[in-house]
Amino acid sequence: MDRSTGLVCDQVVRPDGVNSATDFPDKMRRVKYRDPDRDKTLVFLTNNFALPAMTVADIYRSRWQVELFFKGIKQHLRIKSFFGTSENAVKSQIWIAVSVYVIVAIIRKCLRIEESLHSILQILSLTIFEKTPLNQLLDNTVRHSQSDGSGKQLNLFDY
């Protein structure tokens, strides 16, 4: 192994657990990689023997970015479940959600709104059927949320 690449070892292994012979009787490939950026050693198991060890390590390290991408989609684009299971249905729903997110980001920039995109999306989801122009709706809501409300605040203690 050329340790300057971060690869520690590339081995052929066979699982030896209690149910391994029945669950996965074939050989596996174990690639151990030392990530200098995070100062961690990562171990990857695969059944792909055709790719070089460094490619295997790169693919699995990149997988985390894919996981973060889908986590971001679920959190920010408000996709809780997909309406269809076909590839086209999933892609369509993601593209619609991304388009809405970008449009709201453009509106936020054009109207110079300081609120987060998440807050704006919440406001829009609650007022979707109102006939109020967006600039008035967002301006009134943001101004209302930024007021200190001291006149309406009750005191619990008399100091």
Of the non-hydrogen atoms in [X] and [Y], which two are nearest, and what is the gap between them?
X: Pro36; Y: Arg34; answer: CD-O, 3.2 Å
X: Gly84; Y: Ala89; answer: CA-CB, 3.7 Å
X: Asp26; Y: Arg14; answer: C-NH1, 4.1 Å
X: Asp10; Y: Ala53; answer: OD2-CB, 3.5 Å

Task: Side-chain heavy atoms of Thr5 within contact of Tyr33, under 4.5 Å - done: no
Task: Leu137 side chain near Glu130 side chain, heavy-atom distance below 4.5 Å - done: yes
Task: Passing option when Leu51 is tested against Val56, Val31, Asp58 for side-chain contact (heavy atoms from CB on, under 4.5 Å) - done: Val56
- [ ] Test Ile120 against every option in Leu134, Leu111, Val104 by the side-chain contact (heavy atoms from CB on, under 4.5 Å) rule and name the one that passes.
- [x] Val104
In the single-linkage hydrophobic clustering (I, L, V, M, F, W, Y; side-chain heavy atoms under 4.5 Å), do [X] and [Y] co-cluster?
X: Tyr60; Y: Phe49; result: no
X: Leu121; Y: Val98; result: yes
X: Ile113; Y: Ile103; result: yes
X: Leu117; Y: Ile106; result: yes
X: Val8; Y: Met28; result: no

Open item on the list: If we ignore hydrogens and angles and just use 3.5 Å, is the side chain of Arg30 paired with the main-chain N or O of Phe44 as donor and acceptor?
Closed with: no
TODO: Could you tell me whether a side-chain N or O of Ser99 sits under 3.5 Å from a main-chain N or O of Trp95, the two making a donor and an acceptor?
DONE: yes
Open item on the list: Could you measure the distance from the OG1 atom of Thr127 to the CD atom of Gln122? Nearest 0.5 Å is fine.
Closed with: 11.5 Å
Open item on the list: Take a 6.0 Å sphere around CD of Glu87 and say whether it holds more than 12 heavy atoms from other residues, nucleotides or ligands.
Closed with: no
Task: Contact list for residues 15-25, test salt bridge (charged side-chain N to carboxylate O under 4.0 Å, His left out), sequence neighbours left out - done: none
Open item on the list: Any donor-acceptor pair under 3.5 Å linking the side-chain atoms of Arg29 with those of Thr46?
Closed with: no
